[in-house]
Protein chains: 4
Amino acid sequence: MNKVFLIGRLARDPELRFTAGTGIAVATFTLAVDRNYVGQSGQREADFIPIICWRKLAEVVANNLSKGRMVAVSGSIQTSSYQAQDGSKRYRTDVVADEVKFLDWPNKDGGSGFRGGISHDDVNVSDDTGFFPVDGDDDIPF
Amino acid sequence: MNKVFLIGRLARDPELRFTAGTGIAVATFTLAVDRNYVGQSGQREADFIPIICWRKLAEVVANNLSKGRMVAVSGSIQTSSYQAQDGSKRYRTDVVADEVKFLDWPNKDGGSGFRGGISHDDVNVSDDTGFFPVDGDDDIPF
Amino acid sequence: MNKVFLIGRLARDPELRFTAGTGIAVATFTLAVDRNYVGQSGQREADFIPIICWRKLAEVVANNLSKGRMVAVSGSIQTSSYQAQDGSKRYRTDVVADEVKFLDWPNKDGGSGFRGGISHDDVNVSDDTGFFPVDGDDDIPF
Amino acid sequence: MNKVFLIGRLARDPELRFTAGTGIAVATFTLAVDRNYVGQSGQREADFIPIICWRKLAEVVANNLSKGRMVAVSGSIQTSSYQAQDGSKRYRTDVVADEVKFLDWPNKDGGSGFRGGISHDDVNVSDDTGFFPVDGDDDIPF
DNA sequence: TTTT
DNA sequence: TTTT
C-alpha cells in the first residue's frame with residue numbers, strides 16, 4: 001500500500017513532455033503544500049513536492065493548470081535513482097498522481113493561464129491506465 | 001493537507017540520533033514498499049522511502065524494529081534542502097511518521113532483532129507531539 | 001489504522017450541540033461527496049456522509065461553515081449502535097473529523113452564512129484534543 | 001475525493017453473493033478496527049465497519065479470508081438508502097474496497113479457513129473494474 | 001432530509 | 001450479530 005493525499009498550489013506551470021520511445025505524455029509540476037505551523041521567521045512554511053502525471057491526466061493538467069492554482073492530488077510515492085553529471089548516484093522522490101481535482105477558479109480578469117471551458121466543479125481527472133510500463137525506451141524524460 | 005499511508009518492510013535497521021541543541025530523539029529508516037506491478041526483469045519492484053520519527057515514537061521504533069519487519073506508517077511528506085559537499089544545493093524528500101503500526105512478528109527462533117516484550121497486536125505508536133519545532137539549535141542531524 | 005480523506009460540500013448547515021454532562025461542543029453536518037461516475041438518470045451522484053467535529057473544531061466549523069461550502073475533511077470512521085424508538089438496535093457510521101480545511105469562498109454578495117473574517121487560505125482547523133473521552137455523562141447528543 | 005484506508009481483522013467470514021440481473025460477484029464482511037484508546041470498561045474498543053468488494057476482488061476475498069484474519073483495505077465510503085420492513089427509509093454507510101492486502105498468516109495448525117496457496121506477502125488484490133454500474137437489475141443484494 |  |  002502506498003497512498004498519498006495532498007492539497008496545495010502549483011509552485012510553477014506544469015511542463016509537458018513525451019517519452020522518447022513511445023511518445024507517452026508526462027506532465028510534471030511542483031506542488032506547494034502549506035505546513036500547519038509557522039516557522040522561525042514567523043512565515044508560513046510549505047513543502048515543495050514534485051508531482052508526475054501520465055497520459056490523459058498529463059494532458060488535462062498541462063492544458064488547464066498553471067502556477068498558483070489550487071488542486072487536490074491523490075497518488076503514490078515513487079523513488080528512483082539516476083546518474084548525476086559527476087557520475088555519482090542520486091536519488092529522487094516523486095508523487096505519481098492518479099487523480100487531480102481542481103479546487104479553485106482563477107480570476108476571470110487575471111489571465112492566469114486557464115485555457116479550458118470546463119467548470120472547476122466538474123474537474124476530477126484520473127489516470128486509470130495505472131502505472132507506467134517501464135520498457136527501456138520509455139525512460140522518464142528528466 | 002498532506003497525508004501519507006504506507007505498508008512495507010524496513011530495508012535496514014533504524015538509526016537513532018539526537019538533535020545537537022536540545023537532545024530530541026530522531027529515528028530514521030528506509031521503508032521498502034512493494035509496487036503492484038512486476039518490472040522488466042520479471043522481478044517485483046519496490047519504492048525505498050526514507051522515514052523520520054521524532055521523540056517517543058523514535059525511541060519505540062529504534063528499540064523494537066529491525067530490518068525486514070513489516071509496518072504501516074501514516075504521516076506526511078516533508079521536503080528540505082541542504083548544501084552538498086561540493087557546495088551545490090540538494091533537495092530531499094522524507095516521510096515524517098506520526099503513527100507506526102507493527103504488523104508482523106519475527107520468528108521466535110530467528111533472532112531478528114526484536115527487543116521488546118510488546119505483543120504486536122497492541123503496538124500502534126503515535127507522535128502526538130506534532131511537528132518538530134525548528135529553533136536553530138535543532139537541525140536535523142543528517 | 002483508520003484514516004479518511006474527503007472533499008465535498010456541506011449538504012446542510014452544521015448543527016452545534018453540547019454534551020449533557022460536561023458541556024463539550026460537538027458539531028455535525030452532512031458532506032455531499034461527488035462520485036466519479038454519472039448514474040442511470042444521467043445525473044451526477046453523491047455520497048452523503050455524516051461528519052462529527054468535537055471541541056474547538058466544532059465551534060470553528062459551526063461558526064464559519066454553511067450549506068454549500070466546500071471543505072476537505074480528514075478523520076476516521078466511527079461506528080456506534082443505539083436503541084431505536086421501537087426498541088430495536090440500530091447502527092450508525094460517522095466520520096469523526098480531526099482536520100477541516102475550508103476550500104472556497106462564498107459569494108461576497110450572496111449572504112451564504114460565512115461569519116468570520118478569516119482568509120480561506122489560512123483556515124485549516126484541527127482537533128488536537130484527540131478522541132472524545134466517553135464517560136457515561138457525555139453521550140453523543142443524537 | 002473519497003479515500004479510506006483501514007487496517008483491522010475480519011469480525012466474521014465474508015459472504016459471497018451475486019447480483020440478480022447480471023450475476024456480478026459481491027462479497028461483504030465486517031472489519032473490526034481497533035481504536036487507539038481504551039474505553040470505560042478498561043477494554044480495547046473497535047469500530048465495526050461494513051466492507052463491500054466487487055467482481056474478482058470479491059472472489060479472492062471470499063475464497064481466501066475468514067474471521068480473524070488481518071487485512072489492510074483501501075477504498076471509499078458509499079452511502080445508500082433503502083426501505084425498511086416497516087416501510088420507513090433507512091440509511092447505510094459502507095466502505096467499497098478497491099484494494100485488499102492480506103497481512104497475516106493463519107495458524108498452520110488451526111484450520112482457520114485459509115484455502116489458498118498464496119503467500120501472504122504477495123497478496124494485494126485490487127478491483128480495477130472501478131465502480132459498479134448500477135442499472136436497475138443489479139441492485140446490491142442486501 | 002441533501003451539496004455545486 | 002462482532003476481530004486479536
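Values below: every heavy atom of this structure, side chains too, minus hydrogens, waters and symmetry copies. Numbers restart at 1 for each chain; the letters A, B, ... are given by sequence-line order, proteins then strands.
Legend: residues meeting side chain to side chain donor-acceptor pair (under 3.5 Å) with D/D47, ordered by chain and number and at least two apart, are D/R35. Take C/T30 and apply the side chain to side chain donor-acceptor pair (under 3.5 Å) test, not counting sequence neighbours, and it matches C/R12. Scored by the ring-ring contact (aromatic ring centres under 6.0 Å, His included) test, B/F5 finds A/F5, D/F5 as partners (sequence neighbours excluded). Remark: C/P14 engages C/L10, C/F29, C/V61, C/L65 in a side chain to side chain contact (heavy atoms under 4.5 Å, CB included) (not counting sequence neighbours). Considering only residues two or more places apart in sequence or on other chains, C/A25 meets the side chain to side chain contact (heavy atoms under 4.5 Å, CB included) condition with C/L16, C/F18, C/A58, C/E59.
The side chain of C/R9 has E/dT3 as its nearest neighbour among E/dT3, F/dT3, E/dT1. Taking only side-chain atoms of D/A11, from C-beta outward, the nucleotide of E/dT3, F/dT2, E/dT1 with the closest atom is F/dT2. In this structure, the nucleotide among E/dT1, E/dT4, E/dT2 sitting nearest to the side chain of C/T30 is E/dT2. The listed nucleotides are E/dT3, F/dT4, F/dT1; the one nearest the side chain of D/D34 is F/dT4.
The CG-C1' distance, from D/L10 to F/dT4, rounds to 12 Å in whole Å. For the pair D/F102 CZ and F/dT4 P, the interatomic distance rounds to 17 Å; values are reported in whole Å. For A/L103 and E/dT4, the CG to P distance is 17 Å, given to the nearest whole Å. Whole-Å rounding puts the D/K67 NZ to F/dT4 C1' distance at 12 Å. The distance from atom CZ of D/R12 to atom P of F/dT4 is 15 Å, rounded to the nearest whole Å. When the C1' atom of F/dT1 is taken as reference, atom CZ of D/F48 falls 10 Å away, rounded to whole Å. In this structure, CZ of C/R69 is placed 16 Å from P of E/dT3, rounded to the nearest angstrom. C/M70 places its CE atom 20 Å from the P atom of E/dT2, with the value rounded to the nearest Å.
Panel note: side chain D/R9, backbone D/R69; no donor-acceptor pair is recorded below 3.5 Å.
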Given Watson-Crick or G-U pairs with both distances under 3.5 Å, what dot-bracket string fits DNA chain E, with | for other-strand pairs and [ ] for crossing?
....
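Using a 4.0 Å heavy-atom distance criterion, D/G8 is classed as making no nucleic acid contact.
D/Y91 has no side-chain polar atom (N or O) that falls below the 4.0 Å cut-off from OP1 or OP2 of E/dT2.
What you find for D/S76 and D/N2 is that their closest heavy atoms are CB-O, 3.0 Å.
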